[in-house]
Amino acid sequence: MKPYHRPVPKMWWLKRLPYFLFVIRELTAAFVAFYCVLLLVLVYKLGQGREAYEAMLVFLKTPGMISLNVVAGLFVTYHSVTWFNLTPKVMVVQIGEERVPGYLIAGSNYIAWLVVSGVLAWIIVAKNVCPAI
Amino acid sequence: MADLLKHDVVIVGGGGAGLRAAIAIAEESPEMDVAIVSKIYPMRSHTVAAEGGAAAVIKGNDSLEDHCDDTVGGSDWLADQDAVELFVNEAPGEMTRMEHWGCPWSRDPDGSVAVRPFGGMKIERTWFAADKTGFHMLHTLYQTSLKFDRITWYDEWFATRLLIDGGRCQGLTAIELRSGQLRAIAAKAVAICAGGAGRIFPFTTNGAVKTGDGMVMAYRAGVGLKDMEFIQYHPTGLPGTGILITEGARGEGGILVNKDGQRYLQDYDLGKPLDVNDPNHPVKKSMELGPRDRLSQAFIQEQGKGGTIETPYGHVVYLDIRHLGEKKIDKKIPFVRELSKNYAGIDPVDELIPVRPVVHYMMGGIDTDIHGTTVLPGLYAAGETACVSINGANRLGSNSLTELLVFGARAGRNAAAFAKNQGSHCTTIEKQADDEERRIADNFLDKDGGTERIAALRREMNETMEAGAGIYRTEESLKKTCEKLSELRERFADIKIEDKSRTFNTELLSAMELDNMLTIARAIAHSALERKESRGSHQRTDFPDRNDDDYLKHSIVCYEDGAHRIEYKNVVITRWPPKERVYGR
Amino acid sequence: MANNTMSFEVFRYRPEQEDEPTFQQYDVPYNSDWVVLDALNHIKDEIDGTLSFRWSCRMGVCGSCGMMVNGVPKLTCAAFLKDYYPNTIRVEPLAGFPVERDLVIVMDDFINKLKAIKPWIIRNQGEERAIEEGEYRQSPAELAQFKQYSMCINCMLCYAACPVYAKEQDFLGPAAIALAQRYNMDSRDQGRDQRQELVAAEKGVWECTFVGECSVVCPKHVDPAGAIQRGKAASTVDWYKELLLPRRGGTK
């Protein structure tokens, strides 16, 4: 008996689309981390005073940083969409003998996203219109 | 040959009966050392393909008496009534045990096990797990058996021969497929639970593994095979592939129609049809819920009248389940929908399923008594491999899954009891094992040349069996088949084996399986030739009536000195004297 | 009848003759009703009797005939030629497993994992029901909780699709975890704690990175990926419960 062990190809994730998309999805974590770091840096700069903060904003408006943010934005959106779409797998709600359809579970995540985004947008817009808020 | 392996009880076959036997021994006699020898991994056993359900009396409107009555009538009075009574009595306990082991039975709203109507039964008593009952039962049994460390598993070991010494069964030889090595296993008792042999026929619901190996092992050791002429054709198999469409579809109200859309069964003394929307439809023991032999015979007769539909894969009729509605179909018979879509290219929710009778089950098998004992001390048998007989000339649907449990447990228990009383293992059988090794080498592996392809001989065997020993037989057709089978047996000596290797040689396996099938085919054809009457699934157009005076008996075929010898044994009658077999009125 | 054929490239490995596998090409007559298994049987019956592969029921319920068809794990009894015609079909043994011979894999690891998760009904001491008491009551809703996970035919396509299992053979794997969940969620079972040691371990659910291909290839829609993620959620809840209510007992 001489079983043969087939080696796993190094580029296994390029062999099929689902595997490629999976690896991309995993890479989005890096961009999520990037945003977290960016947020922390902004808070830190804010703490350092008006000049430091405004210098940071100027830096962020450079073409390089804008491009990076756009790319990061796309990846993070992909991250969120894939995450929401997978929630029905983890959260199974059964009513009687039937399961609540997956799109409702995933949908509720999107709705929550919209609501939270809406509230934040309102705060920011209202703040700009009336700084007293 | 490598060292002799030793166990107290060896079970051949890891399907429903074999696993139940092993669990019975492991639970009740934990000191015993049990082994299961199976040519496939147990969850591949053909039990897995059974769909409709398993019968046992549990509901208030039912009675043991009724179950016996239905079974005896279904068997056309060839069943041994003491065996039937025992079977019916033990069935509810065995089935409840399955439930305790986790079998996911479909339920009534109150949480009790649900039952559905089935062919030939006056009252519904068929427990079901959607329409994958065999699958769920097999997996429940396999998974439960994994609890017991005392069970040794010989997965993918092909048993070839029983080893006999001192007039007793002392073990067996088996090829370990992985290495190709033949090994001898000494056993104080052997229980054969290796299934039937539907693959002898060209169109069958049976999987590749159903080649009668277990029956042949016993046969070649001098044990008789009982009632071999009784072959069950299941009325609703898919054309071409022969894939099973469960009787459960008819139990839920499905109907059979001919090319004119007419429920043709009413022309064949099976009752009168009710409208499908009538609350009493389907009427039990009538029309589509008649017994399988009568339905298959009706098909042939309807074909003769020109009422069937011709397709590239032979004639068919249609099974109509559209009126059940999508919801009921997806809940009760989802597998039927899946199979129809995949293998017949139609969605039964709005189309008709083409079906025809295909070989499904063998009522006959190794001659045993109600304890699973054979005439050879130390040898037991249960399941489709065996013939007790509770099925007689025709088996009712959903009795055989229950049979696996009742007689699997009994054979296991009795094998263990016998083994307990034996002394040490017999080691002189090693010489016989060496002979077996030489036989396999001489006839298969070391043989050069050979002109007959395995597949060609197999095809010719299939054709002659369907032509001469099918649903309707005559003396002429059977004689022709017997001759053809003798010819094939001779030509088999010139079989061509291209694969001479040892590691997982499936060509060797196919050749040995064909060898076994040719033997079983001849036993079937000869038994059919000798039974000059029509009863249940054995229909002779030259002897169209049932003849209780001469043939209320089991046939037992033995192989001795190169010839088949057929004897007859009386049927045990207790409380059901033979009478007319009536359905639909 | 048109004389159409299809080309098949079949993985061969004959350990007694060679150290490395090869591919062998066969021409098989094209029949629009045929599945890949029919083609393999045609090859074995008519062209080359030395080709070894497993099969039995040919109706998608025994789980024997799983193989890689053009790089995707499939039941060859359910892979229709017409979906590939007129392209070449490449047939290989299931990925992730050692090859014993030709298209036959060594499945010992899988069998051991099935056994390891205690796939049987476990009742607490003294809470077993006697046969005379009849069946455990289980409502249709309770049955629906675990029914899906009981449909696994042990075909191992999920293991072949899992890139984690390919690299990390100690991973318990989709089918084994789904089977553990089948029992965990069965209202008649009381053995979840006994299975958690293996299921909630590092090589259990936590090795899974939710690629999700196992559920995609599963021919019986068992959704092992879902079973695993639910296992992760349940295991996390267990952890917090133990942290906050350490004297609860029962939970590991």
Greatest number of heavy atom pairs closer than 4.5 Å to chain B - which of Asp102(C), Leu179(C), Asp189(C):
Leu179(C)
Which residue out of Gly134(C), Cys57(C), Ser139(C) racks up the most heavy-atom pairs below 4.5 Å with chain B?
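The option with the most such pairs is Gly134(C).
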Chain C heavy atoms under 4.5 Å from [X]: which part of the residue, side chain, backbone, both or neither?
| X | value |
| --- | --- |
| Pro104(B) | both |
| Thr47(B) | neither |
| Phe504(B) | both |
| Leu339(B) | side chain |
| Ser179(B) | neither |
| Arg453(B) | side chain |
| Glu156(B) | side chain |
| Trp153(B) | side chain |

Is [Y] paired with [X] through a side-chain N to carboxylate O contact shorter than 4.0 Å?
| X | Y | result |
| --- | --- | --- |
| Lys118(C) | Glu197(C) | no |
| Asp108(C) | Arg178(B) | yes |
| Asp213(B) | Lys39(B) | yes |

Find out whether the Lys NZ or Arg CZ of Lys82(C) is both under 6.0 angstrom from the six-membered ring centre of Phe80(C) and within 45° of the ring's axis.
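Pair Lys82(C)/Phe80(C) counts as cation-pi.
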Check whether more than 12 heavy atoms from other residues, nucleotides or ligands sit under 6.0 Å from atom NZ of Lys447(B), and answer yes or no.
yes
Quick one: sort the His42(C) and Trp34(C) rings into parallel, tilted or perpendicular, breaks at 30° and 60°.
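Judged by the thresholds at 30° and 60°, the geometry between His42(C) and Trp34(C) is tilted.
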Relative to each other, are the rings of Tyr154(B) and Trp157(B) parallel, tilted or perpendicular (30° and 60° limits)?
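Tyr154(B) and Trp157(B): perpendicular rings.
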Below 4.5 Å from any heavy atom of chain B, which atoms of Arg182(C) appear? Answer side chain, backbone, both or neither.
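The side chain, not the backbone.
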Using non-hydrogen atoms only, which part of Lys44(C) is less than 4.5 Å away from chain B: side chain, backbone, both, or neither?
both
Ring centres under 6.0 angstrom apart (Tyr165(C), Tyr159(C))
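Between Tyr159(C) and Tyr165(C), which both carry aromatic rings, the centre distance is below 6.0 Å.
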